[in-house]
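Here the structure comes first, spelled out in structure tokens, and everything after it is commentary.
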Amino acid sequence: MSNSTISDSKLKEYHDVALDLVHKCGPILMKGFTEPKTDYKIKDEFWNFLTVYDKQIEDTLMEGLKAAFPESLFIGEEELTAANRQAELTDAPTWIIDPIDGTTNFIHRIPHCCISVGLAINKELVVGIIYNPPANEMFSAWKGHGAYLNGQRINSSKITTMNAAVIAHEISLINSSYTRDKNVKRIYKLGSKAAGTRSFGCAALSLCYVATGQCDAYHIDDLQPWDIAAGAVIVTEAGGCIYHTKGGKFNVMKPDLVCAATEELVKQVIDLIEEANQMTGTTFE
């Protein structure tokens, strides 16, 4: 299946069916969000949680998308774990699903959590849908047709300099000893130059906030395709740009990234990250 054979009407069909399914999963997320105590399991690390609602939402999405589009393949956070297989992206239409991004927020009833669904065809991201039911925010985009929040067009800001920019980064990443040193140094470099620094605990929504202009840039490493796929479509369709942290082409299967409202700003963020990487004399263990 080459991209040239996929019509706008077919892409719109993918988008519209997925949008409807994601919206229907909203009550599942809200049921867990409003409970006084949400039970959870710890996965591979003490900070990585799984709830029964993750599985319910992912199953609902996968069943609905497979029924509508039998040609579909899936990269789903919980499905991969259960099947003990590695994520693989082919040319086939592939849905990349995070049933609840921002699970720690979800468990603690912080309204920065969402359902995230991206679609890749021929290894290119073409549809992105992110739904935050507690805040009633439905972000959506499909290739070539802009990005939307609750049906209204959104655009990234026009900020070009760090001293005017609000930068998002995940301070919570310092809980991992494997990545603590680089993240402390990067937060120091970025935060000392930016007009403001924010941490939302949800990668998908952080990308959306760049798309709306609420933030001007976002940096994150060491995540998974399902954390980033949908948001990458939304931010680029809103006029933003996204690159690998080292400045090369963004790859959703190895999604270390810097995204920003403008090309000028993304270059400054990447340069500051490189400065942070060169810092010596202190190691944060």
Side-chain angles (χ1 to χ4, degrees), residues 15 18-19 21-23 25-26 28-30 32-33 47-51 53-54 57-58 61 74-78 80 87 94-108 110-120 125-142 147-150 154 156 167-173 198-215 217-238 240 242 250-260:
H15 170 275
L19 188 75
L21 283 167
V22 169
H23 190 263
C25 288
I28 303 175
L29 187 148
M30 286 304 298
F33 186 81
W47 38 261
N48 196 2
F49 303 121
L50 171 67
T51 74
Y53 304 99
D54 291 86
I57 292 170
E58 187 169 283
L61 292 170
F74 296 92
I75 296 174
E77 180 175 12
E78 310 314 330
L80 284 174
T94 303
W95 299 95
I96 306 174
I97 298 173
D98 193 345
I100 302 178
D101 191 32
T103 307
T104 303
N105 289 345
F106 172 74
I107 292 168
H108 290 270
I110 299 170
H112 292 287
C113 51
C114 63
I115 302 164
S116 179
V117 177
L119 174 65
L125 294 168
V126 293
V127 171
I129 297 165
I130 293 173
Y131 184 30
N132 177 2
N136 190 32
E137 295 175 330
M138 177 70 83
F139 300 90
S140 62
W142 54 290
Y148 297 83
L149 168 56
N150 296 339
I154 56 175
S156 59
I167 306 296
H169 193 290
E170 298 302 341
I171 187 67
S172 61
L173 293 175
R198 300 292 181 268
S199 179
F200 299 105
C202 180
L205 287 176
S206 297
L207 289 162
C208 288
Y209 298 152
V210 176
T212 60
Q214 292 165 283
C215 293
Y218 178 52
H219 164 54
I220 192 80
D221 277 358
D222 306 301
L223 294 187
Q224 300 295 334
W226 49 80
D227 298 307
I228 302 301
V233 180
I234 292 166
V235 77
T236 54
E237 284 297 314
I242 185 167
F250 170 72
N251 177 3
V252 71
M253 299 306 291
K254 297 178 181 177
D256 294 350
L257 70 89
V258 173
C259 81

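- Using a 4.5 Å heavy-atom cutoff, the side chains of Leu125 and Ile96 are in contact.
- The backbone N or O of Leu257 lies less than 3.5 Å from a partner atom in the side chain of His219, making a donor-acceptor pair.
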Identify every side-chain donor-acceptor pair in residues 127-138 under 3.5 Å, counting partners at least two apart or on other chains, and give the distances.
from, atom 1, to, atom 2, distance (Å)
Asn132, ND2, Pro111, O, 3.1
Asn132, ND2, Glu137, OE1, 3.4

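- Within the 4.5 Å cutoff, the side chain of Phe250 has heavy atoms near those of the Ile228 side chain.
- Between Pro99 and Leu61 the shortest side-chain heavy-atom distance does not fall below 4.5 Å.
- Two residues are said to be in side-chain contact when any heavy atoms from C-beta on lie closer than 4.5 Å; Ile75 and Trp226 meet this criterion.
- Note on residues 218-231: pairs passing salt bridge (Lys or Arg N to Asp or Glu O under 4.0 Å), not counting sequence neighbours, are Lys182-Asp221, Lys182-Asp222, Arg186-Asp221.
- Applying the side chain to side chain contact (heavy atoms under 4.5 Å, CB included) test to Tyr148 and every residue at least two apart in sequence or in another chain returns Ser140, Arg153.
- For the pair Leu223 and Glu170, the minimum side-chain heavy-atom distance is 4.5 Å or more.
- Checked by atom type and distance alone, the side chain of Asn105 pairs as donor or acceptor with a backbone atom of His112 at under 3.5 Å.
- Remark: side-chain polar atoms of Ser199 are paired, donor with acceptor, to backbone N or O of Ile171 under 3.5 angstrom.
- Ring orientation note: the planes of Trp142 and His15 are tilted relative to one another, at an angle of 30° to 60°.
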